[in-house]
Amino acid sequence: MPPTGDSAVTHRPPARAAGDDPPVPRRAGPPQPDDPAALKVVPVRHPWRWVGIAVTAVLLAQFAHGLLTNPAWQWGVFARFFTNATILQAVWVTLQLTVYGTALGFVLGLVLALMRLSASPFLRWVAFGYVWAFRSIPLIVQLLFWFNLAYLYKRLDFGIPFGPGFFHFDTMGLVGAMGAAVLGLALHQAAYAAEIVRAGVQAVDAGQLEAAAALGLPRLRRLRRIVLPQAMRSILPNATNEVISLFKGTSIVSVMAIGELFYQVQVIYGRNGQVVPLLMVATAWYILLTTVLSVLQHYVERHYAKGAAR
Amino acid sequence: MSAMVEIRSVHKSFGSAQVLRGIDLEVAAGEVTVVLGPSGSGKSTLLRTINHLEKVDSGWISVDGALVGYRRSGDRLYELREREILKQRTGIGFVFQNFNLFPHLTVLENLVEAPIAVQRRPRKEAEAAARRLLTRVGLTEKADAYPKQLSGGQQQRVAIARALALEPTLLLFDEPTSALDPELVGEVLDVIKDLAHQGTTMIVVTHEIGFAREVADTVVFMDGGRIVEQGPPAQVLDHPRHERTRAFLSKVL
């Protein structure tokens with residue numbers, strides 16, 4: 001008769017008292033072998049867990065109470081602006097920045113990771129240099145640089161290096177504010193993505209590569225079919241971190257006066273002075289969309305866990 | 001004599017450690033060669049040089065009449081491009097000690113991956129061939145299982161089937177039973193014996209002396225990066241000429 005957790009315990013209230021103040025010494029020897037199957041197993045008690053739960057519950061209740069009763073939160077203003085057209089448009093811009101930044105960043109990051117893992121010292125050094133440079137430059141500086149590209153270089157010439165040019169672009173029209181923002185975010189993201197992908201690829205058992213090589217699989221096929229699907233398991237949690245961090249990091253783009261969420265919220269509270277409820281509008285949107293990303297993460301991770309367990 | 005594998009004066013070092021110190025060996029077509037020796041004797045490295053998983057430092061190896069990993073022109077050996085090396089490898093099946101099945105692919109997908117990608121065989125045809133191979137190793141019903149759902153012995157039998165899927169002319173086994181629980185060794189050895197009786201050319205690195213005695217045409221004993229002695233099993237196993245062979249056999253028998 002297997003003991004079934006709590007039900008086995010609740011039938012025996014004296015067991016707890018015996019634990020605190022044993023009337024009989026417990027280590028008196030092995031239990032008498034009258035009927036070993038009748039002995040009940042009492043799981044270890046965790047009284048401090050209950051204390052922790054109680055303290056946390058009280059703190060949460062206080063916080064919730066404060067949110068509801070403190071008029072300074074101004075939930076009426078919050079509700080009015082949460083689905084305001086300007087805000088929704090700003091959420092859309094934020095999402096676009098995140099998607100483009102992530103997509104371009106991870107494509108470039110994958111290429112950089114493969115370069116760093118390649119047999120060619122030249123490619124390794126180029127990728128290392130890139131990662132070094134773009135991890136060293138603050139994102140905000142880089143963004144401002146792209147935004148002000150036209151100030152530094154008036155036009156781009158294509159031609160013989162140091163010689164005559166064949167055709168050229170004016171940089172003023174080349175990189176718009178949105179383009180500069182996506183470029184900056186993607187280049188920044190690529191440096192971090194490269195390291196995440198590299199770590200994931202290196203975590204794949206070397207025997208997998210050997211087996212693939214012994215079967216004569218071409219290099220790209222090995223990567224696409226054998227290495228990356230297995231690397232994804234360690235890449236995904238870190239990559240999701242990066243996406244979420246980029247998603248919120250898009251608020252930095254507000255320095256370039258792009259109408260993303262954080263910028264528009266600032267504009268609105270600059271006009272009406274309702275700082276707190278509008279910051280809460282932005283916060284609520286960030287929380288909502290991050291939650292969606294976390295749920296997606298769960299399902300994508302489950303897909304790549306194929307064959308990992310029974 | 002038509003040698004399927006010809007190894008001439010092969011040397012290999014890892015840093016300052018000399019692992020192979022001049023190996024000469026010939027394996028005739030259809031023969032089973034079993035390589036014995038203490039760990040660190042270089043037998044696994046030798047096996048890995050035969051399909052160019054390791055490059056040799058000097059000497060050469062030919063399989064089925066073609067130099068492995070190089071092209072000879074006059075007195076120079078030019079290293080082959082990766083594409084050509086991969087093509088050579090498809091003629092050489094390799095079975096690893098740790099199976100190295102692809103864990104995210106089913107058994108059937110493990111088997112058809114190389115025939116489809118390398119030999120460009122239609123999926124239907126490759127899957128039919130793969131199922132025949134699974135029957136041959138006694139795992140017909142495991143086609144859709146993932147490797148982790150199988151026992152070690154079953155995994156190794158799948159790995160053997162995967163190596164056979166490219167219809168290689170030579171099979172290399174690197175301690176195929178060393179990672180297995182003792183009661184699972186027999187089922188894997190039975191599959192290998194089967195292949196031997198069908199005339200597949202094989203080189204098997206193993207510690208299974210009984211298997212060597214039963215299946216090998218030639219037993220090679222290696223120690224310290226050299227071949228100490230070789231010959232029919234009856235000679236090498238029962239009447240070893242060298243002290244080192246005798247010492248090794250007395251420990252493992």
Side-chain angles (χ1 to χ4, degrees), chain A residues 110-111 114-124 196-197 199-239 297-310, chain B residues 44 47-48 50-54 81-107 109-120 144-151 155 158-159 162-166 168 170-174 179:
Chain A
L110 174 64
V111 173
L114 298 181
M115 284 166 70
R116 281 208 72 179
L117 293 167
S118 86
S120 149
F122 166 68
L123 292 180
R124 282 204 303 271
I196 289 174
V197 173
V201 168
Q202 283 178 332
V204 176
D205 180 28
Q208 292 289 311
L209 267 179
E210 282 199 336
L215 286 169
L217 296 181
R219 195 176 279 258
L220 269 178
R221 176 100 183 180
R222 254 182 276 170
L223 192 69
R224 191 167 59 78
R225 283 282 287 171
I226 308 301
V227 177
L228 282 182
Q230 295 185 63
M232 281 307 271
R233 294 205 68 203
S234 41
I235 290 176
L236 268 173
N238 294 324
Q297 173 187 17
H298 170 76
Y299 285 102
V300 178
E301 279 185 17
R302 206 169 62 172
H303 169 77
Y304 282 105
K306 256 191 320 184
R310 274 165 205 279
Chain B
S44 282
L47 203 65
R48 292 159 59 83
I50 297 175
N51 76 342
H52 210 60
L53 280 178
E54 303 285 358
R81 300 239 149 230
E82 171 154 325
R83 181 189 303 266
E84 298 162 300
I85 292 170
L86 290 175
K87 203 171 164 201
Q88 285 190 333
R89 285 202 187 123
T90 61
I92 306 171
F94 200 101
V95 176
F96 296 86
Q97 179 177 350
N98 296 315
F99 332 135
N100 290 342
L101 293 176
F102 306 131
H104 60 300
L105 302 179
T106 64
V107 165
E109 287 169 335
N110 264 278
L111 261 63
V112 300
E113 177 64 25
I116 289 175
V118 180
Q119 298 176 327
R120 309 245 161 247
D144 298 316
Y146 284 99
K148 289 254 167 68
Q149 296 166 327
L150 305 179
S151 73
Q155 287 190 52
V158 171
R162 183 175 69 175
L164 289 171
L166 288 168
L170 169 68
L171 273 180
L172 306 175
F173 292 86
D174 188 8

L217(A) versus L86(B): any side-chain heavy-atom pair under 4.5 Å? no
So which bits of residues 94-104 of chain B come within less than 4.5 Å of chain A, counting non-hydrogen atoms only? F94(B), F96(B), N100(B), L101(B), F102(B), P103(B), H104(B)
What is the distance from atom CZ of R221(A) to atom CD1 of I116(B), rounded to the nearest 0.5 Å? 7.0 Å
I85(B) versus chain A, heavy atoms under 4.5 Å apart: side chain, backbone, both or neither? neither
Of the non-hydrogen atoms in R162(B) and A211(A), which two are nearest, and what is the gap between them? NH2-CB, 3.5 Å
Minimum heavy-atom separation for G216(A) and T90(B), please, with both atom names. CA-CG2, 4.3 Å
Exceeds 12 heavy-atom contacts within 6.0 angstrom, atom CZ of R124(A): yes
R83(B) portion near chain A, given a 4.5 angstrom heavy-atom threshold: neither
Chain A contact via E82(B) - side chain, backbone, both or neither, heavy atoms under 4.5 Å: side chain
Are V118(B) and L215(A) packed together at the side-chain level, in the sense that at least one heavy-atom pair is separated by less than 4.5 angstrom? no
